[in-house]
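Input: a single structure, listed below in structure tokens.
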Amino acid sequence: MSAADLQTAGSALADPVVQTHRLTKRFGAQTVVDGIDLSVPRGSVFGFLGPNGSGKTTTIRILLGLAAATSGEVHVLGQAIPRHLPNVLPRVGALVEGPGFYPFLSGRANLRRLDAADRFVSPSTRRSRVETALERVGLSHAAGKKVGAYSLGMKQRLGIANALLTHRDLIVLDEPTNGLDPQGTREVRHLVRSLTAEGTTVFVSSHLLAEVEQICSHVAVLRAGRLVAQGTLDEVRGAGQKLLQVLTPDVELAHQVLAGVGLIAEGQLHDHHDYHDGSPRISVPLPADFPPDRIATALVSAGVRINGFSVEQAGLEDLFVALTGEGFDVVQ
Amino acid sequence: MSSDQMSSPARTSPVRPASGWVFMASELSVLFRRRRTWALLLALAAIPILIAIAVRLTSGPPSGRGPAFLDQITQNGQFVSVTALTVAIPLFLPLTVGVVAGDTIAGEASSGTLRYLLVAPVGRARLLVVKYAAAAIFCLSGTLAVAVTGTLIGAALFPVGPVTLLSGDTIGVGESLLRTFLICAYVTVSLLGLCAVGLFISTLTDVPVGAMAATVVVAVISQVLGQLPQLEWIHPWLLSQYWFGFADLLREPIEWSSFGSNALLQAGYVVVFGALAYGRFTSRDILA
């Protein structure tokens with residue numbers, strides 16, 4: 001092997017597991033995915049976020065070759081999609097838009113069926129691999145029951161088990177915690193960690209931000225088919241504003257002080273306070289370069305009584321709302 | 001990283017893919033583990049049983065009415081299976097084949113298993129071939145369900161002996177069983193075109209019931225068109241044109257020409273609708 005070959009092999013490993021370039025999908029006149037450039041680093045737990053109807057599942061379908069892109073390029077595991085799908089898919093496990101199984105077959109028989117569909121795994125290890133996967137999602141006791149009699153959460157577990165039938169380089173989980181009880185949700189978190197430890201890259205789409213915050217190393221946020229943020233969790237969260245919170249009975253006075261230092265625009269004095277455990281609370285976005293101690297000094301010297309004073313990093317949820325808009329309106 | 005590096009090269013160029021027979025066997029096991037499949041086969045098997053019992057209970061002089069071969073049953077039980085096939089061909093067999101062929105792709109789509117099969121991965125062309133093969137095997141099973149049940153119940157309720165053919169010659173019991181089997185092959189071949197039509201319709205929709213109904217409608221329309229003398233020019237191209245041509249297998253020597261024409265016509269349907277199904281299915285977004 002020449003030095004050049006070694007270098008290629010090395011850079012192939014460093015290449016993103018999923019990479020898209022100006023990926024676009026239109027259904028008729030409607031653009032569902034609008035020129036997105038995804039980059040999922042190898043070994044990451046990648047959170048793919050966005051409100052309902054923002055194009056998450058459509059993007060996943062394109063990555064898996066179920067739907068064709070209208071334009072743009074897609075590479076999964078370093079190979080072009082859809083041309084090299086037959087080489088790529090055996091290395092990818094997926095749970096796409098909910099579990100899908102034959103209701104008249106048992107959970108075990110369903111997994112064996114899907115495993116038999118994969119020509120690149122050994123039939124001789126099928127039984128043991130199916131049992132291992134069932135055990136990993138805690139379904140061993142119900143493996144002989146017909147899937148028609150499963151609860152939503154059990155089907156969801158079975159769907160995850162299907163993605164785990166053999167070693168995968170990439171596992172795509174679309175809303176993995178749908179229908180799961182709190183224990184199930186915790187188990188999924190553990191599972192994702194153990195997968196990462198095995199060297200698998202995990203691509204999780206979700207709208208449960210607390211979940212994502214706990215397990216993901218990287219995130220991308222989709223809004224109306226466009227990528228509005230992408231990076232490591234800290235990078236993306238860092239882009240969000242800090243929030244200053246003051247607990248005080250002297251709301252009027254505090255407002256005047258904050259307006260005095262330029263944190264509140266005149267005329268918006270009353271938009272910034274609510275009640276927290278019965279005592280008034282003022283919340284103001286804080287610019288990154290604004291020293292908090294200056295505010296504290298100003299408040300104290302003006303005679304404002306302070307019960308609490310804090311500067312918080314905006315959570316992923318605040319950021320998500322800031323990026324994707326508030327309310328229930330699904331962007332068309 | 002280390003486990004990644006160790007496992008990746010082994011999987012980058014998938015080694016020695018297994019033969020397609022594993023998945024074919026799995027497809028058949030799913031088909032025949034379904035209660036619905038057995039209900040269809042039982043319904044087909046009920047036809048000769050009903051005919052045999054009805055004839056046995058109302059023994060009288062031959063009336064000359066009713067389906068072909070009905071009058072011969074009292075003399076020879078071996079005619080039960082042929083009579084039952086004649087009864088089943090216009091509606092019951094197309095109905096069951098429509099259910100199975102219409103369900104092939106649409107059924108997987110509606111249960112959500114289609115996307116998992118494709119991601120497993122099963123290539124789309126391979127899935128079509130396996131689905132078609134399984135539906136074709138169901139055609140044979142359905143035909144055999146009628147013929148075997150007919151032969152058994154015929155032997156149980158009526159005398160069995162040498163059979164007089166349409167050409168006037170007489171053949172022994174063994175030879176007549178062979179002819180029955182040939183008729184089964186003929187009827188199975190007759191259904192292959194419909195099977196391909198069903199497969200194509202099934203790629204058009206995610207609603208299996210719609211695909212099933214549409215497939216049955218195609219079979220019915222084909223027969224209605226075949227009844228209209230004004231449309232004689234279209235008759236040679238109709239799916240159902242040779243469905244009743246199996247009587248030629250009951251001559252001595254066997255008249256193979258209708259078997260050949262039928263096979264050719266059905267092969268044409270399989271090629272055309274197979275190609276349409278391929279074109280549609282391989283270019284379609286799977287959104288179900």
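As the structure is a prediction and not an experimental result, all values here were calculated from the model. Below, chain A is the first sequence line, B the second, and so on; all start at residue 1. Values below: every heavy atom of this structure, side chains too, minus hydrogens, waters and symmetry copies.
- Residue A:K25 touches chain B through its side chain alone, counting heavy-atom pairs closer than 4.5 Å.
- Both the backbone and the side chain of B:L287 come within contact range of chain A, with heavy atoms under 4.5 Å apart.
- Taking the six-membered ring for Trp and thresholds of 30 and 60 degrees, A:F48 and A:F46 have ring planes inclined between 30 and 60 degrees apart.
- The part of A:F104 that comes within reach of chain B is its side chain, from C-beta onward, which places non-hydrogen atoms under 4.5 angstrom from that chain.
- The candidate with the highest count of non-hydrogen atom pairs below 4.5 Å against chain A, out of B:R115, B:E27, B:R35, B:R284, is B:R115.
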Any chance you could lay out the side chain to side chain contact (heavy atoms under 4.5 Å, CB included) test for B:S141 and B:F32, step after step, and finish with the verdict?
CA-CA 10 Å; B:S141 318; B:F32 285 102; 3.5 Å; yes
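- For the set A:A68, A:A117, A:A116, the count of heavy-atom pairs under 4.5 angstrom toward chain B peaks at A:A117.
- For B:E108, the part sitting under 4.5 Å from any heavy atom of chain A is the side chain, from C-beta outward, and nothing else.
- Heavy atoms only, all atoms of each residue included: B:P48 and B:V146 are closest at CG-O, 3.4 Å.
- A pairwise comparison of heavy atoms in A:G43 and A:T201 identifies N-OG1, 2.8 Å as the closest pair.
- Proximity to chain B (any heavy atom under 4.5 Å) is shown, for A:L77, by neither the backbone nor the side chain.
- By the neighbour-count criterion of 12 heavy atoms within 6.0 Å, atom CZ of A:R22 is sparsely surrounded, having that number or fewer from other residues, nucleotides or ligands.
- Shortest non-hydrogen contact noted between A:T125 and A:S122 is OG1-O, 3.1 Å.
- For B:R124, the part lying near chain A is the side chain, with the backbone staying farther off; criterion is any non-hydrogen pair under 4.5 Å.
- For a residue to count as touching a neighbouring chain, one of its non-hydrogen atoms must lie under 4.5 Å from one of that chain's; by this rule A:L114 touches chain B with backbone and side chain alike.
- Side-chain contact between A:V92 and A:L63 is absent, with no heavy-atom pair separated by less than 4.5 Å.
- Each of B:G107, B:S283, B:G123, B:P121 has some count of heavy-atom pairs under 4.5 Å with chain A, and the biggest count is that of B:P121.
- Here A:V96 is the residue among A:V96, A:N162, A:L64, A:T57 with the most heavy-atom pairs under 4.5 Å with chain B.
- Side-chain N/O atoms of A:R113 and B:T113 include no donor and acceptor closer than 3.5 Å.
- Across B:S26, B:G112, B:S29, the residue that shares the most heavy-atom pairs under 4.5 angstrom with chain A is B:S26.
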